[in-house]
Amino acid sequence: RQIAQIIKDNMPDSSDWVSKLEIAGPGFLNFYLQPSWVYPVLPLVLEQDEKYGCSDYGQNSKIQVEFVSANPTGVLHMGNARGAALGDSLCNLLQAAGYDVTREYYINDAGNQIENFAKSLEARYLQLHGQDVPFPEEGYHGEDLIDTVKNIIAEVGDKYLQVDPALRREFLVQTALQEKIAAIKKDLADFGVEYDVWFSEQSLHDSGAIQQTIDVLREKDYIYEKEGALWFKSTLFGDEKDEVLVRANGIPTYFAADIAYHRNKFERGFKKVINIWGADHHGHVARMKGSMQAFGYNPDNLQVILMQLVRLFRGGEIVRMSKRSGQYVTLSELIEEVGKDAARYFFVMRSPDSHLDFDLDLAKEESSENPVYYVQYAHARICSIIKAGAEKLPKIEEVNLQRLEEESELDLIRKIADLPDEIIGAAINEEPHRLTRYAHELASLFHSFYNSCRVLIDDEELKNARLVLVEATRITLRNVLHLLGVSAPDRM
RNA sequence: GCGCCCGUAGCUCAGUGGAUAGAGCACUGGCCUCCGGAGCCAGGUGCGUAGGUUCGAUUCCUAUCGGGCGUACCA
């Protein structure tokens, strides 16, 4: 407090921007701004419009965000939906904060699960032709897979009954993959998510990138052989145990492919690489970072956001989600049931660290109670006011904004002024959920203003000032909703 | 056993080492014949437990209890 007093004694008591200076608490120095500081933000919002909130903070630095990357052996489920909502909103935020963002989906179109997928397809193909063959124990039991095979049969009939099984599986798997990937793209597009790059794991096998990666690690002496397999010394980089890169049967593991993939990311010039993974993959983080360190990259430039898993409830019972068992609620069903807007808002609303209990019954029954409607309602209300009250908005330079003096008006303007900083804060901390809070607070301040101040009044000067205020509010609300991937309706 | 995440109001969750810890849901009572009542206003002794670091801890550290997830030559 003494130091604060010294500073205060050496500051002018007031200035154009500061109305007073006060010492408080254990030694805080509170600067009270002149109320008039807020007014210039309103013409700025109207002028920048869609760009309001954006900044060049990121200096166009290249960032890649890889998210969802679900196996193309099935359809997208709730966990993928959370990753999609989170990843896409994060990308929007980073772009708004001035980063050069690439959205990427890694297609696991190689490896063991593809083998299983092929065997499952083959079994279904033969079964649908009346053959009594067993279904592979580790296979994919989902109903969607039967439909996939039915579609294939509609095209090619029994042509692949007599051919070499390896050729048959190859044909089935390639055809099914195309269909599955197309379906995934469509589901994501329906959810408002568009990718810049779809990266094939198989391409890393085909190009020799995986082999080359292993060769380099061997040269650096980070590899040893044990029991016929090749092991990466990940314990050198803080991992709990070493990891297999190439199995005794000569086939590289998923980890080997992932090292090649992440090397490829950095070789493409990304300054920062962000992965969004389910928490069940957390054991993979240390070794992935370690492997990048082995190649001389700063492991801090590989950032992994772990999302806790989504638990689904129906009728008070937890629904076990598993592709293998074929029981899960799909993304498209979710969109159908609760809508894209509510689903995206709901997923982003929570911190990735928090477990997400998604009660389907509740989401269906009480969807009108979802906070997203509260925010959208504020937007629709403003549109309605503007439509009812103004042929066109007054010219901003002719409006006397100083007439906005009510506390609810000033609170609203101050909140609007926060948006650029909110976006930067949420972007650099990689926390899109902050924006849902901001959206809610902004909507709340608007509703509060609405109840204490009428916009469409006889006092022309005040009316015009308030019209500018609500228009600026509308723009701000809309911009935030769009960052979240949620629509801003004119009517509801 | 070891590792990671979580534990905050009845419930679901926010909370950048700082001031009197906040929202939604639920509950109770109010809101002008007026721009959309999907709204507004009012109502609250809650940081799992015990230590430590600090002028100051919900936040950092240690231990412990509880929940979740990992700990494959699966991905």
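Chain letters run A, B, ... following the sequence lines, proteins first and then strands; every chain starts at 1.
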What is the distance from [atom1] of [X] to [atom2] of [N], rounded to the nearest Å?
X      : N      : atom1 : atom2 : value
A:M349 : B:rC11 : CE    : P     : 18 Å
A:R350 : B:rC5  : CZ    : C1'   : 17 Å
A:R454 : B:rC32 : CZ    : P     : 14 Å
A:L356 : B:rG67 : CG    : C1'   : 16 Å
A:Q113 : B:rC74 : CD    : P     : 11 Å
A:K463 : B:rC34 : NZ    : P     : 19 Å
A:Y374 : B:rG37 : OH    : P     : 13 Å
A:I382 : B:rC35 : CD1   : P     : 16 Å

**Asked** What does A:R466 touch in the nucleic acid at a heavy-atom separation under 4.0 angstrom: a base, only the sugar-phosphate, or nothing?
**Response**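 Here A:R466 touches no strand at all.
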
**Request:** Remember a base hit wins even if backbone is also touched, and classify A:A248 as base, sugar-phosphate or nothing at under 4.0 Å, heavy atoms.
**Result:**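 The residue A:A248 makes base contact.
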
**Prompt:** Below 4.0 angstrom from OP1 or OP2 of B:rA14, is there any side-chain N or O of A:S351?
**Reply:**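 The answer is yes; a side-chain N or O of A:S351 sits under 4.0 Å from OP1 or OP2.
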
**Asked** Nearest nucleotide by nearest heavy atom, which residue falls closer to the 5' end of RNA chain B, A:I386 or A:V244?
**Response**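 Counting from the 5' end, the first nearest nucleotide belongs to A:I386.
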
**Asked** What about A:N30: does its side chain form a donor-acceptor pair under 3.5 Å with the base of B:rA19?
**Response** yes

**Prompt:** Looking only at N and O atoms, is any donor in the side chain of A:H433 or the base of B:rA14 less than 3.5 Å from an acceptor on the other one?
**Reply:**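 Between B:rA14 and A:H433, which were checked side chain against base, a qualifying N/O pair under 3.5 Å is absent.
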
**Item:** Identified side-chain hydrogen bond (donor to acceptor under 3.5 Å, both in side chains) counterpart of A:N275 within the set A:Q64, A:H262, A:E104, A:Q303
**Value:** A:H262

**Message:** Is there a side chain to side chain contact (heavy atoms under 4.5 Å, CB included) between A:Y106 and A:E201? Walk through the geometry before answering.
**Reply:** CA-CA 7 Å; A:Y106 183 53; A:E201 177 185 355; 3.2 Å; yes

**Ring geometry between A:F347 and A:F358 (parallel below 30°, tilted from 30 to 60°, perpendicular above 60°)** = tilted

**Request:** Before accepting this row, confirm whether a basic side-chain N of the pair A:E409/A:R466 lies closer than 4.0 Å to the acidic partner's carboxylate O.
**Result:** yes

**Prompt:** Does the side chain of A:R124 come within less than 4.5 Å of A:F135's, by heavy atoms?
**Reply:** yes

**Item:** C1' atoms of B:rC47 and B:rC31, separation to the nearest Å
**Value:**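 Each nucleotide's C1' atom is 35 Å from the other's.
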
**Request:** Can you tell me, in whole Å, how much space there is between the P of B:rA57 and that of B:rU20?
**Result:**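 Here B:rA57 and B:rU20 have their P atoms 12 Å from each other.
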
